[in-house]
Q: 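Pasting a structure here, questions to come.
Numbers here are sequence positions counted from 1. It should be emphasised that the depicted structure is a prediction, and the values quoted were computed from it without experimental measurement.
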Amino acid sequence: MATEKALLLIADIGGYTRFMKHHRFSLAHAQDSVAQLLEAVIDASGKLKLAKLEGDAAFFYSVGDDCAAFARQVADIRRAFVARREKLVVDRMCQCDGCMQVGMLTLKFVAHLGEVAFQRVKHLTELAGVDVILVHRMLKNDVPVSEYLLMTDAVHERIQPELRQLAQGLEHEFEGLGRTTTHYIDLHASGEELPAPLAPKLSRRLWNKLVMEVRTLKYVLGIEKPCEGFRNVEIVDTPRTPPSHPPHT
């Protein structure tokens with residue numbers, strides 16, 4: 001199977017804490033919040049092509065080895081994410097865990113430039129190869145900050161010099177792939193301008209509340225499982241406390 005050089009990028013949403021399995025509204029609203037954030041991420045991805053949605057992450061690619069516009073695309077995606085997250089916070093009318101934790105959600109990026117094989121099935125394009133495995137392994141890393149761009153040497157050496165100066169080197173031992181030199185940029189220290197705060201508006205809040213309830217109805221009713229396949233959401237069972245019985249006399 002022929003291979004091509006491609007830039008690989010995963011935008012990964014994290015920050016949710018654990019949810020109790022029986023809290024259907026919280027899980028349903030968490031599902032919808034992440035879906036809205038992913039929609040914003042995809043809309044801002046520019047010339048990057050969406051390979052697939054992977055739970056609470058979006059996997060993008062761009063054929064070729066030109067990374068000149070890469071940093072700008074990452075910045076655009078992050079701004080769109082922050083703007084949608086703040087809108088969700090400002091418009092919030094629900095007090096469930098899924099809605100109350102939205103303001104804590106974060107976005108991280110991992111990027112690699114390598115050889116990939118493309119397999120097209122109808123309208124879908126599947127990417128395969130060792131480099132696809134590597135970029136996914138990069139999601140589990142030792143970066144000491146919550147929002148970052150983690151990249152391999154191949155990407156780092158092609159970005160603008162001023163951005164390279166912001167990057168910190170960090171070696172990783174990725175499972176099955178050995179030692180890999182990586183570089184990360186703390187997105188909080190990147191100096192990128194973020195969108196202005198959104199003013200609250202009651203009519204918009206009411207409309208968004210209605211839309212969310214309609215969108216999440218299938219999860220609340222149990223027709224579909226919320227947060228299925230989300231790598232950053234832990235769902236646990238609530239320990240049952242056995243009923244107390246009065247001592248026998």
Side-chain angles (χ1 to χ4, degrees), residues 1-14 34-35 37-78 80-81 106-143 147-160 163-164 167-185 187 228-233:
M1 186 179 295
T3 62
E4 293 185 68
K5 184 78 76 174
L7 173 67
L8 307 174
L9 176 73
I10 300 177
D12 189 44
I13 297 173
V34 170
L37 290 167
L38 285 174
E39 288 170 4
V41 165
I42 294 167
D43 289 344
S45 59
K47 294 183 179 180
L48 292 170
K49 296 180 180 179
L50 179 67
K52 64 168 63 173
L53 290 176
E54 301 176 341
D56 40 10
F59 178 27
F60 299 100
Y61 71 95
S62 177
V63 175
D65 61 359
D66 184 9
C67 297
F70 168 66
R72 175 54 52 196
Q73 289 172 316
V74 168
D76 289 344
I77 291 172
R78 182 168 182 250
F81 171 85
T106 58
L107 185 66
K108 64 183 181 184
F109 299 88
V110 295
H112 175 52
L113 183 67
E115 296 288 336
V116 300
F118 294 90
Q119 182 178 1
R120 289 177 174 83
V121 181
K122 293 186 178 180
H123 63 286
L124 300 176
T125 301
E126 291 287 337
L127 278 63
V130 173
D131 290 307
V132 174
I133 296 172
L134 172 58
V135 76
H136 283 84
R137 290 277 197 273
M138 290 170 67
L139 290 169
K140 189 175 182 180
N141 57 61
D142 300 321
V143 177
E147 293 192 288
Y148 56 82
L149 165 61
L150 177 68
M151 56 198 144
T152 55
D153 271 344
V155 177
H156 179 255
E157 66 188 17
R158 287 171 170 82
I159 61 174
Q160 294 91 332
L163 289 176
R164 285 203 300 271
Q168 302 290 320
L170 189 63
E171 280 204 344
H172 285 94
E173 183 79 32
F174 294 123
E175 181 183 353
L177 298 170
R179 300 292 292 179
T180 303
T181 300
T182 63
H183 311 264
Y184 74 90
I185 295 175
L187 295 179
E228 191 171 25
F230 281 25
R231 62 166 58 89
N232 298 315
V233 174

Q: Who are the side-chain hydrogen bond (donor to acceptor under 3.5 Å, both in side chains) partners of Glu147, not counting sequence neighbours?
A: His188
Q: With sequence neighbours left out, what residues match Asp65 under side chain to side chain contact (heavy atoms under 4.5 Å, CB included)?
A: Lys5, Leu113, Arg158
Q: Suppose we screen for side chain to side chain contact (heavy atoms under 4.5 Å, CB included). Which residues come up paired with Leu50, at least two apart in sequence or across chains?
A: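 Result, side chain to side chain contact (heavy atoms under 4.5 Å, CB included) vs Leu50: Ile42, Leu53, Ala58, Phe60.
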Q: Parallel, tilted or perpendicular for Phe59 and His136, by the 30°/60° rule?
A: perpendicular
Q: Can you list the residues that meet the side-chain hydrogen bond (donor to acceptor under 3.5 Å, both in side chains) rule with Asp142, with sequence neighbours excluded?
A: none
Q: Consider side-chain contact (heavy atoms from CB on, under 4.5 Å). Of Val41, Leu107, Asp56, Thr106, which one does Asp12 pass it with?
A: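 Among Val41, Leu107, Asp56, Thr106, the one meeting side-chain contact (heavy atoms from CB on, under 4.5 Å) with Asp12 is Asp56.
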Q: Please give me the minimum heavy-atom distance between Gln73 and Ser45, naming the atom from each residue.
A: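 Smallest heavy-atom distance, with atoms named: NE2-O, 3.8 Å.
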Q: Not counting sequence neighbours, which residues clear side chain to side chain contact (heavy atoms under 4.5 Å, CB included) with Lys140? List them please.
A: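 Side chain to side chain contact (heavy atoms under 4.5 Å, CB included) check on Lys140 returns nothing, list empty.
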Q: Between Glu54 and Arg231 (salt bridge meaning N to carboxylate O under 4.0 Å), is one present in this structure?
A: yes
Q: Would Leu9 and His112 count as a side-chain contact (heavy atoms from CB on, under 4.5 Å) if you check the C-alpha gap in whole Å, the side-chain angles of each, and the deciding distance to 0.1 Å?
A: CA-CA 7 Å; Leu9 176 73; His112 175 52; over 6 Å; no
Q: Is there a donor-acceptor contact under 3.5 Å from the side chain of Thr152 to the main chain of Thr182?
A: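 No, the answer is negative, given that no donor and acceptor are paired below the 3.5 Å cut-off.
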Q: Before you tell me yes or no, could you show the steps for Leu127 and Leu8 under side-chain contact (heavy atoms from CB on, under 4.5 Å), namely the whole-Å CA-CA distance, both residues' side-chain angles and the distance that decides it to 0.1 Å?
A: CA-CA 10 Å; Leu127 278 63; Leu8 307 174; 3.7 Å; yes
Q: Are the side chain of Arg137 and the backbone of Phe174 linked by a donor-acceptor contact shorter than 3.5 Å?
A: no
Q: Not counting sequence neighbours, which residues clear side chain to side chain contact (heavy atoms under 4.5 Å, CB included) with Glu171? List them please.
A: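 Result, side chain to side chain contact (heavy atoms under 4.5 Å, CB included) vs Glu171: Arg179, Thr181.
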Q: About how many Å separate OG1 of Thr3 and CG of Asp131, when rounded to the nearest 0.5 Å?
A: 9.0 Å
Q: Which pair of heavy atoms, one from Val116 and one from Val132, lies closest together, and at what distance?
A: CG1-CG2, 3.6 Å
Q: Could you state the interatomic distance from NZ (Lys49) to CG (Leu7), rounded to the nearest 0.5 Å?
A: 12.5 Å
Q: Quick one: does Arg78's side chain have a donor or acceptor within less than 3.5 Å of a partner on Leu187's backbone?
A: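 Indeed, once roles are kept as given, a pair shorter than 3.5 Å links the two residues.
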Q: Indicate yes or no for a side-chain donor-acceptor contact from Asp43 to the backbone of Ala40 under 3.5 Å, with no hydrogens or angles considered.
A: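 Not confirmed, Asp43 side chain does not pair with Ala40 backbone.
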